[in-house]
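Below is one structure, written out as structure tokens; comments come after it.
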Amino acid sequence: MSDINCVPRHVAIIMDGNGRWARKRGLPRTAGHQRGGDRIHPVALACARRGIEYVTVYAFSTENWTRPSAEIAALLHLLSTRIGSVARACLRDNLRLKLLGRLDGLSPESQEKVRGAVEMNAGNTGLTLCIAFDYGTRSEIVRAARQIVSRGVAPDAIDEELVSANLYTAGMPDVDLLIRCGGETRLSNFLMWQSAYAELYFTEVLWPDFGATDVDDALAEYARRNRRFGALPDGASSQ
Ligand code: IPE
Ligand code: IPE
Ligand code: MG
């Protein structure tokens, strides 16, 4: 990646395919989630080394509460038990951890662990790694609307900037590149406001197998895209 303009500032990743990765190996789905959890820090570090400033990973959606209770329990347990080691690895590599979404589905002890892990990295200055947990765009926008209304903001004073400032991602750049692993070609309620003009990249690679080479493949494809944001293509005349 020689041209710095071709490197996205914010990459969002839908970490899909953990269950299929496990099934292919005759393992329980939770083994896929564990392995998937182990991929987060290495992929974020690979992104940091390529000049990316923000990586947001989708760890648990608001719709994932419809899964069987044993799988939900395993996912919640995984977050609260692994977040500490992810945070320590981030501390070593100067990555900042941030959480998007809600924690109130976790026990008070687990919430404390997650908050402690995030605080551990508050002073870091490198790439920001956002973990989207109990996150969904629709509930994020409802929350933003409630915050705005509860402050008594006049309707005319509500603009796109104000809505953005009331999202979990306040202060962050919009998503430039959205990667979905696992072969599905949908957004599943992930960062849909922030990805309004993101380049979408879908890959069959299952998240537990995703690594630095896959980051490079996605970045190479991103560099080939022509982002127009509604304008005419380069060199086109309006005749
Ligand atoms: C993604 O993997 C992880 C979460 C949604 C929490 P899946 O669990 O959706 O794995 P597949 O799609 O069934 O393979
Ligand atoms: C999206 O994956 C959510 C996460 C990766 C956390 P899902 O497996 O839940 O998405 P759908 O149900 O296939 O759309
Ligand atoms: Mg899935």
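Atoms within a ligand are numbered from 1 in the order they appear, just like the ligands themselves. Note that this is a predicted model, so its numbers are computed, not measured.
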Test of proximity, Asn64 against ligand 1: N or O pairs below 3.5 Å: no
N/O separation below 3.5 Å, Arg67 to ligand 2: yes
Sidechain-backbone polar pair: Gln111 side chain, Leu103 backbone, donor-acceptor under 3.5 Å: yes
Sub-4.0 Å heavy-atom approach of Arg23 to ligand 1: no
Near the Mg ion (ligand 3) (under 2.8 Å) - protein N, O or S atoms: Asp16 OD1
Parallel, tilted or perpendicular: ring planes of Tyr54 versus His10, cut at 30 and 60 degrees: tilted
Of Arg227, Arg9, Gln194, the residue whose pairing with Asp176 passes side-chain hydrogen bond (donor to acceptor under 3.5 Å, both in side chains): Arg227
Distance-only N or O hit between ligand 2 and Glu184, under 3.5 Å: no
Non-hydrogen atom of Arg180 closer than 4.0 Å to ligand 2: yes
Donor-acceptor under 3.5 Å (Asn189 side chain, Arg138 main chain): yes
Closest approach of any protein heavy atom to atom 14 (O) of ligand 2, naming residue and atom: Ser188 OG, 2.6 Å
Distance from atom 10 (O) of ligand 1 to nearest protein heavy atom, with residue and atom: Gly19 N, 2.9 Å
Thr137 and Trp193 side chains, donor-acceptor separation under 3.5 Å: no
Distance filter under 4.0 Å to Arg186 heavy atoms, resulting ligand 2 atoms: 11 (P), 13 (O), 14 (O)
Residue pair Phe190, Leu178: steps toward the side-chain contact (heavy atoms from CB on, under 4.5 Å) verdict: CA-CA 10 Å; Phe190 187 44; Leu178 187 145; 4.2 Å; yes
Side chain Arg50, main chain Ala46, donor-acceptor under 3.5 Å: yes
What side-chain donor-acceptor pairs closer than 3.5 Å can you find for residues 205-213, not counting sequence neighbours?
residue: Trp207; atom: NE1; partner: Gly36; partner atom: O; Å: 2.8
residue: Asp209; atom: OD1; partner: Trp21; partner atom: NE1; Å: 3.0

Ser188-Arg180 side chain donor-acceptor pair, cut-off 3.5 Å: yes
Main-chain N/O of Met192 paired to Ser195 side chain as donor or acceptor, under 3.5 Å: no
Taking atom 1 (C) of ligand 1 as the reference point, the nearest protein heavy atom with its distance: Met15 O, 3.1 Å
Whether over 12 other heavy atoms sit under 6.0 Å from Arg39 CZ: yes
Distance filter under 4.0 Å to Ala59 heavy atoms, resulting ligand 2 atoms: 6 (C)
Salt bridge flag under 4.0 Å for residues Arg225 and Glu221: yes
Close-contact set for ligand 1 against Asp16 heavy atoms, below 4.0 Å: 1 (C), 2 (O), 7 (P), 9 (O), 10 (O), 11 (P), 12 (O)
Phe60 neighbourhood, listing ligand 2 atoms whose heavy-atom distance to it stays under 4.0 Å: 6 (C)
Numbered atoms of ligand 1 (with element) below 4.0 Å of Arg29, judged on heavy atoms: 7 (P), 8 (O), 10 (O), 13 (O)
Proximal candidate to atom 2 (O) of ligand 1 [heavy atom criterion; set Asn18, Leu78, Leu206]: Asn18
Ligand 1 contact by Gly17, heavy-atom criterion under 4.0 angstrom: yes
Arg143 bridged to Glu140 by N-O distance under 4.0 Å: no
